[in-house]
Amino acid sequence: MNILVINCGSSSLKYQLIDSASETVLAKGLCERIGIDGSVLTHTPAGKDKVKVETPMPNHTVAVKLVIDALTNADHGVIKSLDEIGAVGHRVVHGGEKFATSVVIDDTVLKAIEECNDLAPLHNPANLIGINSCREIMPKVPMVAVFDTAFHQTMPEKAYLYGLPYEYYEKYKVRRYGFHGTSHDYVSAKAAELLGRTRDDLKIIVCHLGNGGSISAVNHGKCVDTSMGLTPLEGLIMGTRSGDIDPAICDFICQKEGLTPAEMNNVLNKKSGVLGLSRVSSDFRDIEAAANDGNKLARVTLDAFYYRVAKYVGAYAAAMNGVDIIAFTAGVGENNISGRAEICKYFGYLGAELDTEKNNVRGEERIISRDGSRVTLMCIPTNEELAIARQTLALVK
Ligand code: AMP
């Protein structure tokens, strides 16, 4: 069965058409600038050249129509008609406490997702628009919602409650949820598989280090803690997000700089992290190049990033009373060889020994620790689209 995986943002729509039998990507693409001038669809069929379609996309329904046109096009299409799409899997950012697993979408599910909009005001409404547009164009095709938060719903109360008046949890569900759940689930399962074991008897720490970053503790197959919180702002120092800070800083800076809370929130999400600290870029490659050229701020930015990762790993090893596997994934985790080496320097006390030769790898699934290392270190490429396609297939089969 072919499964269309959709990841919808407020002005963008990413898609992959995946043949679930062979788990290969038939085509993938991206609609950008939906609802604004200069809309463009970039469509990449497997084994063929990329095609760019510049045409107005006043809304997401038009974008979905264009995606279907591209997929069924006589020249650059990969299927003959809509009938060859067996199901659609939608990435949904926030499932609150309502969704601990993926679900087949119906009107009740749509209403429940809408009720989570408050928790992710930038993302969930966009995800819903994507779902509704697909339902309009493909009314007979079953659709599944796969939540970024679902895998973390197994966290115990002691891990997800903040030290705030309990009424905020009761009234507004203010608690830690965690994100990148599809990736943490996929990578922890793959890591166990690479060791020839199942997750059920292992303690795994997954370091998802991309432009957004989060770490999770997966104890015997269940997530017991993760670094992102109510929103993706908590935890690691990220591309443009601050990660953990003293919350009193917000009021302090608002007063000093005359910012509103919304403007402060924007600083924390868009202007902080390694971008704000280094003054170079949000891209780790640029920061590394600057650091290698002698830029001291770039060097200290990288050091602060690695240090924060190491501290979370330490915390999660303590939370699980040990760790068997530490797996690195996402853009930085999969590709940044020196970054992994710097982070692993902190793991001596765990008996985790990096093998410099084996660590010389980018975007490939591999054990990167020495034989006999007490903790197995791994590089595991994540594949959120494939994970969404698998979960979709499991529910519609
Ligand atoms: P993601 O959000 O998972 O796509 O990750 C994006 C981040 O991965 C960017 O900051 C990139 O700089 C980083 N990245 C990708 N390739 C490399 C590489 N070869 N070395 C260092 N960082 C990389």
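Counting convention: from 1, in listed order, for ligands and their atoms alike.
Rounded to the nearest 0.5 Å, atoms CD1 (Ile113) and NZ (Lys98) are 11.0 Å apart. A distance of 6.5 Å separates OG in Ser227 from CE in Met238, rounded to the nearest 0.5 Å. Atoms CG and CG, on Leu233 and Leu268 in that order, are 5.5 Å from each other to the nearest 0.5 Å. Rounded to the nearest 0.5 Å, atoms CD1 (Ile68) and SG (Cys134) are 7.0 Å apart.
Atom 4 (O) of ligand 1 is not flagged as protein-proximal [any protein heavy atom, distance under 4.0 Å].
The protein heavy-atom contact nearest to atom 20 (N) of ligand 1 is Arg285 CG, 3.7 Å. Residue, atom and distance of the protein heavy atom nearest to atom 13 (C) of ligand 1 are Val332 CG2, 3.7 Å. For atom 2 (O) of ligand 1, the closest non-hydrogen atom on the protein side is Asn211 N, 2.8 Å. For atom 14 (N) of ligand 1, the closest heavy atom belonging to the protein is Gly331 O, 3.6 Å.
Counting heavy atoms under 4.0 Å from ligand 1, residue Arg362 touches it through the side chain alone.
The aromatic rings of His184 and His208 sit tilted relative to each other, their planes meeting at an angle between 30° and 60°.
Met155 and Tyr312 are members of different hydrophobic clusters when ILVMFWY side chains are connected at heavy-atom separations under 4.5 Å.
With Tyr160 as the aromatic partner, Lys158 does not meet the cation-pi criteria of under 6.0 angstrom to the ring centre and within 45 degrees of the ring axis.
The hydrophobic cluster around Ile129 extends to none of the other residues, as no ILVMFWY side-chain heavy atom falls under 4.5 Å of it.
For ligand 1, the polar-atom distance check finds an N/O of Phe284 within less than 3.5 Å of one of the ligand's N/O atoms. In terms of polar-atom proximity, defined here as any N/O pair under 3.5 Å, Ala330 makes no such contact with ligand 1. Checked by distance only, ligand 1 and Asp283 come closer than 3.5 Å through their nitrogen or oxygen atoms.
For ligand 1, the atoms closer than 4.0 angstrom to any heavy atom of Gly210 are 1 (P), 2 (O), 3 (O), 5 (O). The atoms of ligand 1 that sit less than 4.0 Å from any heavy atom of Asn335 are 15 (C), 16 (N), 17 (C), 18 (C), 19 (N), 20 (N).
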